[in-house]
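The structure appears below as structure tokens.
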There are 2 protein chains.
Amino acid sequence: MNTFTEENYLKAIFKYSTKTKEGVSTNVIADELNTKASSVTDMIKKLSDKKLVIYKKYKGVTLTEKGKKIALSIVRNHRLWEVFLVEKLNFKWDEVHDVAEELEHINSEKLTDQLEIFLDYPKYDPHGDPIPDKNGNFSHHKDVTLSDLSCNEKGIVVGVKEHSSSYLKYLESIDLLLGTEIKVNEVIEFDHTMNISINKKNINISHQASKNLIIKKT
Amino acid sequence: MNTFTEENYLKAIFKYSTKTKEGVSTNVIADELNTKASSVTDMIKKLSDKKLVIYKKYKGVTLTEKGKKIALSIVRNHRLWEVFLVEKLNFKWDEVHDVAEELEHINSEKLTDQLEIFLDYPKYDPHGDPIPDKNGNFSHHKDVTLSDLSCNEKGIVVGVKEHSSSYLKYLESIDLLLGTEIKVNEVIEFDHTMNISINKKNINISHQASKNLIIKKT
DNA sequence: TTTATTTTTTAGATTTATCTAAATTTATTT
DNA sequence: AAATAAATTTAGATAAATCTAAAAAATAAA
Ligand SMILES: [Mn+2]
Ligand SMILES: [Mn+2]
Ligand SMILES: [Mn+2]
Ligand SMILES: [Mn+2]
């Protein structure tokens, strides 16, 4: 099949092809994978030979259907494993990513499908990211963040846009987890600091923090 | 850390160092890993540089404490994952090995230890092979096989010495699983075919089959 | 529309794990 | 003990993934 490296390239291209309509650029991929642009060019050629991507010199790269399918299955694996680690093995939501990065490459359809059954068909991972089903379909949250809310608006936390351990730990420390109800009490005009109510407590939260919290308005 | 390849070499050396007191020979390792003797020599030198094995030219190789510790942790991972696949994900005992070969290399102490807790500290894997604990200790069955039993002796199946899919499927088809009680009715002198009782049925079993069934006498 | 800057590709080198074929050492027979 | 066979190591080659430095193309600025 494909090497871990190839799979990681496909995943990276998939991640950024949802964000632009153009081909994903060499530098973006290099940055995402902590490698050099020249290495990316080499690998892209290889993936192109395998008909997993469409590549035109200097024009970036897009996934073929075949490539997209593989990328989606890696993402599916990754997110299912994250659910497993949190729900069954007592991992915290800031501890799962690195292990899932490895588990996602275990290539067994039976494993993935049975894991999905075992976890009772979860729709979202511990960070609120949607889990593609067997056919690659997935729902996704509207892109509304806490920072989009105005005074007196209410919402429920459904995801995070930033996955760093420090951010996740911070949210946990103030009891701001997925499912938490939030009401906006005040927005400081100067720096957009928000005062919000959660679990009957009032706290202040920076713009940096609020703009990375995905919210469903209620 | 170590590459998958290095870990597989350590595991192979561990497997055969329990079977001889001498160093494990180059050819045995090459055979176990489906590679060439010259490749083994190369890798052994690398492992020796890393102080994971002790190597003397032409004299075979033995594990250092450090190497043994790694080998044991890979075996521990492998067998815990096999239990997981059978007990939680509905895999049959002939389907788990290849997937476990990949899962065993996921390197996270927390993952392994939590998996062990989740599975409630299993002592043996689905094939009856012992699972090392966190410190590398494990019990193991006495090396008595069905073929060692004489007429009218009884025993209980506790493991298999042969792990091929065809053998495991065969055993399952005749309901000869771990935990099954066996009584020997007759042993044909000519070819050691046995007639045995299991679950109130009488069946014949070849020497080839009986010598690979590990038994605890009762 | 030149010039300068950024992005991307190419050329060539390196590292890792592998292989084949030949040389060397050890073990087994005569 | 010499000859033969088997096991092991060495030498040299190859393929994959990476890197640095230089060349080429595309973009942005003057
Ligand atoms: Mn993740
Ligand atoms: Mn996630
Ligand atoms: Mn196994
Ligand atoms: Mn097993």
Side-chain angles (χ1 to χ4, degrees), chain A residues 1-13 15-17 19-63 67 70-71 74 101-102 104-105 107, chain B residues 1-13 15-17 19-63 67 70-71 74 101-102 104-105 107:
Chain A
M1 258 310 292
N2 307 294
T3 64
F4 287 14
T5 311
E6 287 168 350
E7 291 181 349
N8 284 333
Y9 271 88
L10 293 174
K11 196 167 58 130
I13 295 163
K15 176 172 174 182
Y16 286 97
S17 49
K19 292 180 184 170
T20 46
K21 270 160 198 166
E22 334 238 316
V24 181
S25 79
T26 305
N27 261 354
V28 163
I29 299 169
D31 201 62
E32 172 74 14
L33 297 177
N34 296 307
T35 185
K36 296 298 152 77
S38 56
S39 303
V40 174
T41 305
D42 284 346
M43 182 56 79
I44 279 173
K45 283 176 183 165
K46 191 179 166 195
L47 295 173
S48 180
D49 288 346
K50 287 187 159 192
K51 312 280 186 207
L52 298 173
V53 302
I54 292 163
Y55 168 56
K56 280 181 191 144
K57 270 190 198 175
Y58 296 101
K59 297 294 176 190
V61 72
T62 52
L63 293 173
I70 294 170
I74 306 295
E101 277 302 298
E102 301 191 44
E104 69 187 6
H105 300 289
N107 200 333
Chain B
M1 256 311 291
N2 309 293
T3 64
F4 287 14
T5 311
E6 288 168 349
E7 291 181 349
N8 284 333
Y9 271 88
L10 293 175
K11 195 167 59 131
I13 296 163
K15 176 173 174 182
Y16 287 96
S17 48
K19 292 179 183 170
T20 46
K21 270 160 198 167
E22 335 237 316
V24 181
S25 80
T26 305
N27 261 353
V28 163
I29 298 169
D31 202 61
E32 172 74 14
L33 296 177
N34 295 309
T35 184
K36 298 297 152 77
S38 54
S39 303
V40 173
T41 305
D42 283 346
M43 182 57 80
I44 279 172
K45 283 176 183 166
K46 191 179 166 194
L47 295 173
S48 179
D49 289 345
K50 286 186 161 193
K51 313 280 184 208
L52 298 174
V53 302
I54 292 163
Y55 168 57
K56 279 180 191 143
K57 269 191 196 175
Y58 296 99
K59 297 295 175 189
V61 72
T62 53
L63 293 173
I70 294 170
I74 306 295
E101 277 302 298
E102 301 191 45
E104 69 187 5
H105 300 289
N107 199 333

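From a predicted model like this one, the values you see are computed outputs, not experimental measurements. Quick note on labels: first sequence line is chain A, next is B, and so on, each numbered from 1.
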Next on the checklist: To check you understand the geometry: which heavy-atom pair defines the closest contact between Ser17(A) and Val24(A), and what is its length?
Outcome noted: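 Closest heavy-atom pair between Ser17(A) and Val24(A): N-CG2, 3.7 Å.
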Atom [atom1] of [X] and atom [atom2] of [N]: how far apart are they, to the nearest Å?
{"X": "Phe4(B)", "N": "dT18(C)", "atom1": "CZ", "atom2": "P", "result": "13 Å"}
{"X": "Leu47(A)", "N": "dA16(D)", "atom1": "CG", "atom2": "P", "result": "13 Å"}
{"X": "Lys46(B)", "N": "dT9(D)", "atom1": "NZ", "atom2": "P", "result": "17 Å"}
{"X": "Lys57(A)", "N": "dA26(D)", "atom1": "NZ", "atom2": "P", "result": "10 Å"}
{"X": "Lys56(A)", "N": "dA26(D)", "atom1": "NZ", "atom2": "P", "result": "13 Å"}
{"X": "Met43(A)", "N": "dC19(D)", "atom1": "CE", "atom2": "P", "result": "11 Å"}

Are OP1 or OP2 of [N] and a side-chain N or O of [X] less than 4.0 angstrom apart?
{"X": "Asn27(A)", "N": "dT8(C)", "answer": "yes"}
{"X": "Tyr55(A)", "N": "dT8(C)", "answer": "no"}
{"X": "Lys59(A)", "N": "dT8(C)", "answer": "no"}

Item to check | Selection from dT18(D), dT9(C), dT24(C) that lies nearest to any side-chain heavy atom of Tyr58(A) | outcome: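 Per side-chain heavy atoms of Tyr58(A), the pick is dT9(C).
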Item to check | Counter-base of dT9(D), judged by Watson-Crick or G-U geometry with both distances under 3.5 Å | outcome: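 Across all strands, the one nucleotide that pairs with dT9(D) is dA22(C).
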Item to check | Paired nucleotide for dT30(C) [Watson-Crick or G-U wobble; both distances under 3.5 Å] | outcome: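 dT30(C) is paired, partner dA1(D).
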Find out whether [X] and [Y] are in side-chain contact, i.e. whether some heavy atom of one side chain is under 4.5 Å from a heavy atom of the other.
{"X": "Lys57(A)", "Y": "Tyr55(A)", "value": "yes"}
{"X": "Glu6(B)", "Y": "Leu52(B)", "value": "no"}
{"X": "Val53(B)", "Y": "Ile13(B)", "value": "yes"}
{"X": "Val61(B)", "Y": "Ile29(B)", "value": "yes"}
{"X": "Leu33(B)", "Y": "Tyr9(B)", "value": "yes"}

Next on the checklist: Is the ring pair Phe4(B)/His105(B) parallel, tilted or perpendicular, if the boundaries are 30 and 60 degrees?
Outcome noted: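 Parallel: the ring planes of Phe4(B) and His105(B) meet at under 30°.
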Checklist entry - Checking all strands, does Lys45(A) fall into the base, sugar-phosphate, or nothing category for heavy-atom contacts under 4.0 angstrom? => result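 Sugar-phosphate, no base atom in range.
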Next on the checklist: Counting only heavy atoms and a strict 4.0 angstrom limit, can you tell me which residues of residues 31-42 of chain A come near DNA chain D?
Outcome noted: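 Heavy-atom contacts with DNA chain D come from Thr35(A), Lys36(A), Ser38(A), Ser39(A), Asp42(A).
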